[in-house]
Amino acid sequence: GVCAVPAWASRPRPPLPFGRMPEGGGAECVKVAIRCRPPSKKEIANNEESIVELTEAFTEEEQGTGQVILTDPAGKEEPAKFAFDIVFGLGIQQYQVYDAVGRQALAKTFEGYNGTIFAYGQTG
């Protein structure tokens, strides 16, 4: 197929230095977020127990305090603990995910900074 490039996209622009700092001095960095899906109908019908315990942290004040603990259902191994910048629980709404993750990344991209949101996993 043919991809049309808008005229404004082909105009020469000064290159942005890698790792450009936002004006005002605050550095932006990589943040890792996790969103845990609710149990499926099949999992509920099979009376399956959750092995995931979440400490939600998605507001600006809470970011960096999120935790996920995975428990061995057989009880043979110690629980595995993982820290995340942002943790969304089962009851989270899509707009809350956007507000916590997407809004700032998109705004900075429009200002000329590099921005990426990478999503991976089951969609339900």
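The first residue in the sequence is number 1, and the count goes up from there.
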Side-chain touch Gln67/Phe82, heavy atoms, less than 4.5 angstrom: no
Min side-chain heavy-atom separation Asn114-Thr116 under 4.5 Å: no
Side chain proximity check, Thr65 to Thr55, heavy atoms < 4.5 angstrom: no
Heavy-atom side-chain proximity of Val32 to Ile86 below 4.5 angstrom: no
Atom pair NZ (Lys108) and CZ (Arg103), whose distance is rounded to the nearest 0.5 Å: 14.0 Å
Heavy-atom pair with the smallest gap, counting every atom of Pro39 and Leu90: CD-CD1, 4.4 Å
Heavy-atom side-chain proximity of Gln94 to Arg35 below 4.5 angstrom: yes
Co-members of Leu106 in a cluster of I, L, V, M, F, W and Y side chains, linked at under 4.5 Å: Tyr98, Phe110
Single-linkage hydrophobic cluster Ile69~Ile34, side-chain heavy atoms < 4.5 angstrom: no
Student check: side-chain heavy atoms of Val68 and Val87 closer than 4.5 Å: yes
Interatomic distance, Asp99 atom CG to Gln93 atom CD [nearest 0.5 angstrom]: 11.5 Å
Minimum side-chain heavy-atom gap Asp72-Ile51 below 4.5 Å: no
